Amino acid sequence: QVQLVESGGGLVQPGGSLRLSCAASGSISSFYAMGWYRQAPGKQRELVASINSEGRTNYADSVKGRFTISRDNAKNTVYLQMNGLNPEDTAVYYCNADVYRNLAPSYRYWGQGTQVTVSS
């Protein structure tokens, strides 16, 4: 069982920056991919950014140029650097680990989420 623990969420003003961290109990180098998702009130959970075992990244159009996902395999940690935050970025952010390319629920792991609120 993979455990994911997020940290770094909080309240930030528009235009500000925040860095989220996700520490995994397992070896992230063995995972197919790691990612960050977010869910705003009344909305579906959506992919924000992901990074696979080869280092290939993928970003939602809404965050391209503002967010950067990275991983430190030695520390089994994935990060999400968020710059130029907007109120529409307000959501609960969830760390995700995909063991395999197959996205069956049993092969996906999730953190408990961390709240990010962008407001003046």
Side-chain angles (χ1 to χ4, degrees):
Q1 179 69 39
V2 176
Q3 291 184 311
L4 305 172
V5 180
E6 299 119 324
S7 62
L11 175 64
V12 65
Q13 293 183 321
S17 297
L18 208 59
R19 186 182 72 174
L20 306 182
S21 298
C22 173
S25 61
S27 176
I28 65 172
S29 63
S30 66
F31 298 163
Y32 174 76
M34 299 285 293
W36 288 94
Y37 289 70
R38 67 186 181 188
Q39 186 168 24
K43 297 184 178 180
Q44 295 291 110
R45 187 175 298 187
E46 65 175 355
L47 174 69
V48 176
S50 65
I51 182 168
N52 72 3
S53 60
E54 298 178 332
R56 178 174 58 82
T57 58
N58 185 43
Y59 296 93
D61 288 341
S62 61
V63 307
K64 287 181 179 177
R66 299 189 298 121
F67 291 9
T68 303
I69 188 170
S70 62
R71 63 196 299 167
D72 186 333
N73 290 341
K75 295 182 178 180
N76 290 322
T77 301
V78 64
Y79 305 94
L80 183 67
Q81 179 66 47
M82 304 184 292
N83 299 324
L85 286 163
N86 302 312
E88 56 264 37
D89 295 316
T90 296
V92 177
Y93 284 70
Y94 297 90
C95 181
N96 155 253
D98 293 326
V99 179
Y100 306 112
R101 189 173 188 272
N102 187 330
L103 297 184
S106 61
Y107 298 151
R108 310 194 79 187
Y109 295 87
W110 301 89
Q112 294 301 303
T114 184
Q115 177 71 48
V116 172
T117 302
V118 185
S119 176
S120 59

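This structure is a prediction, so every number in the text was calculated from the model and none was measured.
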Working to the nearest 0.5 Å, report the span between CE of Met34 and OG of Ser53. 12.0 Å

Do other residues, nucleotides or ligands put more than 12 heavy atoms under 6.0 Å from the CD atom of Gln112? no

Verify same cluster id: Leu103, Leu4 (apolar side-chain graph, 4.5 Å): no

Establish, yes or no, whether the cationic atom of Arg38 lies under 6.0 Å from the six-membered ring centre of Tyr94 and within 45° of the ring axis. no

Quick one: do Phe31 and Val2 satisfy side chain to side chain contact (heavy atoms under 4.5 Å, CB included)? Show the steps, please. CA-CA 11 Å; Phe31 298 163; Val2 176; 3.8 Å; yes

Side chains of Pro14 and Leu85 in contact at under 4.5 Å (non-hydrogen atoms): no

Do Lys75 and Ile28 come close enough that some side-chain heavy atom pair is under 4.5 Å? no

Under a single-linkage definition using a 4.5 Å side-chain heavy-atom cutoff for Ile, Leu, Val, Met, Phe, Trp and Tyr, are Tyr59 and Leu20 assigned to the same hydrophobic cluster? yes

Whether the side chain of Thr57 engages the backbone of Ser50 through a donor-acceptor N/O pair (distance < 3.5 Å, no angle test) should be reported. no

With heavy-atom distances below 4.5 Å as the criterion, would you say the side chains of Val12 and Ser17 are in contact? no

Got a sec: does the CD of Gln3 have more than 12 other heavy atoms crowding it under 6.0 Å? no

Less than 4.5 Å apart, side chain to side chain, heavy atoms only: is that true for Thr68 and Asn83? no

Minimum heavy-atom distance Val116-Gly9, with the two atoms named: CG2-CA, 4.2 Å

Please assess Asn58 against Leu47 for the test side chain to side chain contact (heavy atoms under 4.5 Å, CB included), listing each intermediate value before the final yes or no. CA-CA 9 Å; Asn58 185 43; Leu47 174 69; 3.6 Å; yes

For the residue pair Val99 and Tyr109, establish whether any side-chain heavy-atom pair is separated by less than 4.5 Å. yes

Within the 6.0 Å centroid threshold, strictly below: Tyr32 and Tyr100: no

After noting the C-alpha distance and the side-chain angles of Asn96 and Trp36, does the key distance pass the side chain to side chain contact (heavy atoms under 4.5 Å, CB included) rule? CA-CA 6 Å; Asn96 155 253; Trp36 288 94; over 6 Å; no

Could you give all pairs that pass the disulfide bond (SG atoms under 2.5 Å apart) test and reach residues 31-68, with sequence neighbours left out? none

Could you tell me if the side chain of Val48 sits less than 4.5 Å from the side chain of Phe67, heavy atoms only? yes

So, the side chain of Arg66 versus the backbone of Gln81: is there a donor-acceptor pair under 3.5 Å, distance only? no

With the side chain counted from C-beta on, respond yes when Gln115 and Tyr93 share a heavy-atom pair under 4.5 Å apart, and no when they do not. no

Would you please test Ser27 and Asn76 for side chain to side chain contact (heavy atoms under 4.5 Å, CB included) and show each step? CA-CA 6 Å; Ser27 176; Asn76 290 322; 4.2 Å; yes

Value for CG (Leu18) from CG (Asp89), rounded to nearest 0.5 Å, stands at 10.5 Å

Rounded to the nearest 0.5 Å, how far apart are CE of Met82 and CD1 of Ile69? 11.5 Å

Not counting sequence neighbours, list each pair that qualifies as a disulfide bond (SG atoms under 2.5 Å apart) and has a residue in residues 29-120. Cys22-Cys95

Is a side-chain donor or acceptor of Asn86 paired with a backbone partner of Glu88 at a separation under 3.5 angstrom? no

Calculate, to the nearest 0.5 Å, the distance between atoms CD1 and CG belonging to Ile51 and Leu80 respectively. 11.0 Å

What I'd like to find out is whether the side chain of Arg45 reaches to under 4.5 Å of the side chain of Val92, using heavy atoms alone. no

